[in-house]
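Reminder, nothing fancy here: chain letters follow the sequence lines and each chain counts from 1.
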There are 2 protein chains.
Amino acid sequence: MSDSPLPRSFTPPLSPTTQRGRKRHDALLEAAQRLFLERGFSQVSVNDIVAEAGGSLSTLYRHFGNKEGLFQAMVEHRSHDIYTALTADDIDSLPVEAALTRFGSGLLHKAMDDEALGIYREVVAESPRQPELARRFFDAGPGRMRQVVKEYLDRRVADRSLPPVDTAALAGMYLGMVLGEWHLIQLLQLEAPPSAEAIDARVTRCATLFLGGLRDAPD
Amino acid sequence: MSDSPLPRSFTPPLSPTTQRGRKRHDALLEAAQRLFLERGFSQVSVNDIVAEAGGSLSTLYRHFGNKEGLFQAMVEHRSHDIYTALTADDIDSLPVEAALTRFGSGLLHKAMDDEALGIYREVVAESPRQPELARRFFDAGPGRMRQVVKEYLDRRVADRSLPPVDTAALAGMYLGMVLGEWHLIQLLQLEAPPSAEAIDARVTRCATLFLGGLRDAPD
DNA sequence: AAGAAAGCGTAGCATACACTACACCTAGAA
DNA sequence: TTCTAGGTGTAGTGTATGCTACGCTTTCTT
């Protein structure tokens, strides 16, 4: 029942100030990424990571607090890049079908990428234990993608290129259609990834199908 | 460097013969299911499972060989049930739109189900380490669903209800569209599951959209 | 009733692993 | 040059855990 006598000035995840520090920080993140995505969170020990990155265990704990902290930092670090560059400035000047094709192609290429697949697997697996992580991953990745498409559709509705529709729902449906079973097949590593041509062919067909359906049934 | 002197007559996963044996076998499977899906494979110890199921550690190892064996047995056991009852005898007598709606609704209800989500999470997470498991899950579950829809579309093409199309690809696209982002949102537990009405509404819209698109662009 | 096959239960081994302690080294600012 | 915050390296601790050993009990067959 003793009090907590100055709890050691709480040293939480610390961003490094010095040059060498930054270097180690990055090296640790990079090693964590490689190993976590290769073997999975619970199959990698902190010692493995230090062995891979160089540096010392103490530094790892000073920077990231604990193993989960490192994992989270890694996921955030990557999520930022991974789903970026999906927005394009000239997207509004394209015909609708071309715009949809571009969205779909960007998504599908990302979704077939080894690194993105690894993160997806890990986040899905850990999400029940780390809901914060799940939310951040979704918002930075798939959720953002859907939002971008939704807002695109909103503008097309506004300028009468499309009939008034439930853009949020339709954006999700379109992206889901593009992914289809391909995403799961890659997640489970059941087949070799499709070629760029196969991807483009699929996306083109999806865009056509989708727009065809939209014209008929405005809702 | 000694030889292996009769390697103990290899006692691999053993199916129980006696009544009591069967009971324990089932109890172990059920406990494994509950715990694995609740906490994840690596978060559950074999002792936990025995504590939950009753019986003894020895029995578990006699029946399933090791922890992974139990996990695999559990996944197979469940995969069989989970995606069953998707085929219906009268499906060919329905209008195409109604048939698609039924497929979609069945899928979406399953995909929103806690147990199915748990298995999906675990299989995705473990697939890099257990490719056999991944294949079996896919074939028994999502892959079978796609196959059923494909064959349905094949029959509609044959009887000219639909134009000649790439039925395999389209089946995957349709199911993907139905799932859309909803599946991921449930996997990550970001929102409460949708109501039955919401599911039906979404599926109806998907079926309409899909068929509309098909009529326009036969390909 | 007898005997074997299967189940029970505990105790323990071997190991892996997250995390800490601590003493020493280095870089870079004053 | 000196001072110090931050980095290094190693050794260790506590614990969790997969799996085995082994002796006893129950069940089922013949």
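- Between the NE2 atom of B/His63 and the P atom of C/dA6 there is a distance of 9 Å, given to the nearest Å.
- Here the C1' atom of nucleotide C/dC8 and the CG atom of B/Leu28 are 12 Å apart, to the nearest Å.
- One interatomic measurement links the two molecules: CZ of A/Arg62 to P of D/dG6, which rounds to 8 Å at whole-angstrom precision.
- Along DNA chain D, the nucleotide nearest A/Asn47 and the nucleotide nearest A/Ser56 are compared for position; the residue whose nucleotide lies closer to the 5' end is A/Ser56.
- Rounded to whole angstrom, the span from the CG atom of A/Leu60 across to the C1' atom of C/dC17 amounts to 14 Å.
- Contact annotation for A/Val44: backbone-only contact, meaning every heavy-atom pair under 4.0 Å involves sugar-phosphate atoms and none involves a base.
- Comparing D/dT8, D/dC19, C/dC8 against the side chain of B/Leu57 picks out D/dC19 as the nearest.
- Cation-pi check for A/Lys67 over A/Phe36 is not met; the charged atom does not lie both under 6.0 angstrom from the ring centroid and within 45 degrees of its normal.
- When the P atom of C/dC19 is taken as reference, atom CZ of A/Phe64 falls 14 Å away, rounded to whole Å.
- Ion pair A/Asp26/A/Arg22 not flagged as a salt bridge, since none of the NZ, NE, NH1 or NH2 atoms sits closer than 4.0 Å to an Asp/Glu carboxylate oxygen.
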Side chain to side chain donor-acceptor pair (under 3.5 Å) evaluation trace for B/Glu151 with B/Gln147: CA-CA 6 Å; B/Glu151 286 167 6; B/Gln147 186 63 17; 2.8 Å; yes
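- Among the atoms of the strands shown, only primed sugar atoms or phosphate atoms (P, OP1, OP2) are found under 4.0 Å from some heavy atom of A/Ser45.
- With salt bridges taken as basic N to acidic carboxylate O contacts below 4.0 Å, none links B/Glu126 and B/Arg136.
- Counting to the nearest Å, the P atom of C/dA6 and the NZ atom of B/Lys23 are 19 Å from each other.
- Of the two residues near DNA chain C, A/Asp48 and B/Thr59, the one whose nearest nucleotide lies more 5' is B/Thr59.
- Taking atom CZ of residue B/Phe36 and atom P of nucleotide D/dT17, one finds them 12 Å apart after rounding to whole Å.
- At whole-Å resolution of the value, CG in A/Leu70 and C1' in C/dA18 are 13 Å apart.
- The 5' end of DNA chain D is approached more closely, in terms of each residue's nearest nucleotide, by B/Lys67 than by the other of B/Lys67 and B/Ser58.
- Residues B/Leu29 and B/Gln33 have side chains not in contact (no heavy-atom distance under 4.5 Å, counting atoms from C-beta outward).
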